[in-house]
Novice: 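Quick one: the structure is below, and I'll ask about it shortly.
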Amino acid sequence: MPIDVIIRDFSATDREPCARILCKAGRQAFYWADWPVFDGPGFDEVTKGERILVAEARNQVAGFAAVYTPENFLHHLYVDPDLAGCGVGAALLGEAVRQYGPALSLKCQTRNQVARNFYRKCGWLEDEQGGGTDGIGSWLFIRSPQAALQACVSRGD
């Protein structure tokens with residue numbers, strides 16, 4: 001059921017709640033991997049150089065999105081699993097597109113079917129040109145509709 005969500009810029013007081021969400025949601029999303037524990041400094045390290053948006057719902061930090069703006073790359077989008085399906089992720093994704101432009105893309109683990117379904121439901125497109133492999137498995141690119149169109153044009157599809 002949708003809940004009221006406020007999206008705002010990250011502040012220093014968000015560091016620990018965002019680190020907890022990254023741990024909790026990451027362990028759930030990447031259940032097959034040895035997902036690390038993140039504290040405040042660890043959160044700072046994995047979001048270094050990124051613009052961070054925070055979602056608040058029910059008077060608490062409910063999720064965050066981190067964008068590496070030089071490459072229009074949505075590096076992180078995590079929602080507290082207790083609030084999954086309540087509109088927090090869609091609100092973060094919509095605000096990221098609004099603030100950082102419609103040409104965003106991201107990498108998604110192939111096995112993370114929940115995330116893949118979420119992005120598909122939001123109109124994002126999986127790139128058929130492949131992806132790669134990292135420490136937790138194979139991944140593919142997912143692009144906003146505008147970014148997918150730009151990728152096709154640049155490849156000459």
Side-chain angles (χ1 to χ4, degrees), residues 1-10 14 17-33 35 38 43 46-57 61-157:
M1 175 180 350
I3 58 175
D4 290 332
V5 179
I6 297 168
I7 307 296
R8 59 173 175 74
D9 290 332
F10 176 85
D14 298 319
C18 286
R20 283 191 296 275
I21 289 169
L22 180 57
C23 287
K24 186 176 178 181
R27 280 201 178 110
Q28 185 173 341
F30 309 115
Y31 58 89
W32 65 89
W35 191 250
F38 292 95
F43 178 82
V46 298
T47 59
K48 188 174 185 174
E50 298 173 357
R51 302 289 309 267
I52 304 171
L53 298 172
V54 173
E56 279 188 18
V61 174
F64 71 93
V67 177
Y68 184 64
T69 57
E71 295 180 8
N72 294 319
F73 184 70
L74 179 61
H75 186 214
H76 298 282
L77 194 153
Y78 289 94
V79 173
D80 184 326
D82 295 337
L83 298 172
C86 294
V88 176
L92 279 165
L93 190 61
E95 187 63 17
V97 168
R98 190 187 75 71
Q99 284 196 30
Y100 303 113
L104 291 175
S105 65
L106 58 94
K107 291 185 339 186
C108 185
Q109 293 297 313
T110 306
R111 290 179 66 177
N112 190 348
Q113 200 60 51
V114 171
R116 291 173 69 186
N117 290 341
F118 165 76
Y119 291 114
R120 192 175 302 118
K121 183 178 174 183
C122 291
W124 287 47
L125 306 168
E126 293 184 358
D127 192 329
E128 296 177 6
Q129 297 300 313
T133 303
D134 60 20
I136 57 175
S138 65
W139 56 266
L140 54 95
F141 279 112
I142 299 179
R143 302 179 191 281
S144 67
Q146 181 66 32
L149 176 62
Q150 289 174 347
C152 285
V153 169
S154 68
R155 287 192 305 258
D157 292 354

Novice: Going through the distances and angles, do Lys24 and Asp82 end up as a side-chain contact (heavy atoms from CB on, under 4.5 Å)?
Specialist: CA-CA 10 Å; Lys24 186 176 178 181; Asp82 295 337; 2.7 Å; yes

Novice: Please give me the minimum heavy-atom distance between Cys23 and Trp35, naming the atom from each residue.
Specialist: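 Of all heavy-atom pairs spanning Cys23 and Trp35, the closest is O-CD1, 3.6 Å.
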
Novice: Look up atom CG in Leu104 and atom CD in Glu71, then write down how far apart they are to the nearest 0.5 Å.
Specialist: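 Here the interatomic distance stands at 12.0 Å.
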
Novice: For Arg111, I'd like to know if atom CZ has over 12 heavy atoms of other residues, nucleotides or ligands within 6.0 Å.
Specialist: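 More than 12 within 6.0 Å, yes.
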
Novice: Dump the intermediate steps for side-chain contact (heavy atoms from CB on, under 4.5 Å) on Thr47 and Phe10, then the final yes or no.
Specialist: CA-CA 11 Å; Thr47 59; Phe10 176 85; over 6 Å; no

Novice: Taking side chain to side chain contact (heavy atoms under 4.5 Å, CB included) as the test, write out the residues that go with Ile3, two or more places apart.
Specialist: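 With sequence neighbours excluded, Ile3 shows a side chain to side chain contact (heavy atoms under 4.5 Å, CB included) to Val5, Ala57, Arg58, Leu83, Cys86, Val88, given in chain and number order.
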
Novice: Please determine whether the number of non-hydrogen atoms from other residues, nucleotides or ligands lying under 6.0 Å from atom CG of Asn117 exceeds 12.
Specialist: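 Buried by this count: over 12 neighbours within 6.0 Å.
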
Novice: Mind checking whether Asn72 and Tyr100 have side chains closer than 4.5 Å, heavy atoms only?
Specialist: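 They are not in contact (no side-chain heavy atoms under 4.5 Å apart), so the answer is no.
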
Novice: Classify the ring geometry of Tyr78 against His76: parallel below 30°, tilted from 30° to 60°, perpendicular beyond 60°.
Specialist: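 Tilted.
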
Novice: Taking atom CZ of Arg27 and atom CG of Leu22, what is their separation to the nearest 0.5 Å?
Specialist: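 If I round to the nearest 0.5 Å, the distance is 10.0 Å.
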
Novice: Report yes or no: does Ser138 contribute a side-chain atom to a donor-acceptor pair with the main-chain N or O of Thr110 at less than 3.5 Å?
Specialist: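 Checking the backbone N and O of Thr110 against the side chain of Ser138, no donor-acceptor pair under 3.5 Å is found.
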
Novice: Please find the pair of heavy atoms, one from Ile21 and one from Asp80, that lie closest to each other, and give the distance.
Specialist: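 Shortest heavy-atom separation between Ile21 and Asp80 comes out as CG2-N, 3.8 Å.
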
Novice: Mind checking what makes side chain to side chain contact (heavy atoms under 4.5 Å, CB included) contact with His75, not counting sequence neighbours?
Specialist: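 Partners of His75 by the side chain to side chain contact (heavy atoms under 4.5 Å, CB included) criterion, ordered by chain and then number, come out as Glu50, Phe73.
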
Novice: Glu126: which residues meet the side chain to side chain contact (heavy atoms under 4.5 Å, CB included) condition with it, sequence neighbours left out?
Specialist: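 Partners of Glu126 by the side chain to side chain contact (heavy atoms under 4.5 Å, CB included) criterion, ordered by chain and then number, come out as Arg116, Arg120, Leu140, Ile142.
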
Novice: Considering only heavy atoms from C-beta outward, does the side chain of Asp9 approach that of Leu53 to under 4.5 Å?
Specialist: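 Result yes, sub-4.5 Å side-chain heavy-atom pair found.
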
Novice: Which pair of heavy atoms, one from Phe64 and one from Leu92, lies closest together, and at what distance?
Specialist: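 Heavy-atom minimum between the residues: N-CD1, 3.5 Å.
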
Novice: Is any side-chain heavy atom of Leu93 less than 4.5 Å from a side-chain heavy atom of Leu74?
Specialist: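 Yes, their side chains come closer than 4.5 Å.
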
Novice: If you take all heavy atoms of Asp14 and Val54, which pair is closest and at what distance?
Specialist: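 Looking at all heavy atoms of both residues, the shortest contact is OD2-CG2, 3.6 Å.
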
Novice: Which heavy atom in Pro81 sits nearest to a heavy atom in Ala25, and how many Å separate them?
Specialist: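 Scanning both residues, the minimum pair turns out to be CG-CA, 3.8 Å.
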
Novice: I want to check something: taking the side chain as every heavy atom from C-beta on, are Cys108 and Trp139 in contact at a cut-off of under 4.5 Å?
Specialist: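 Cys108 vs Trp139: side chains apart.
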
Novice: With rounding to the nearest 0.5 angstrom, report the CG to CZ distance, Asn112 to Phe118.
Specialist: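 The CG atom of Asn112 sits 11.5 Å away from the CZ atom of Phe118.
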
Novice: Quick check: does any side chain N or O of Trp32 sit under 3.5 Å from a backbone N or O of Ile136, one acting as donor and the other as acceptor?
Specialist: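 Pair found, side chain donor or acceptor close to backbone of Ile136.
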
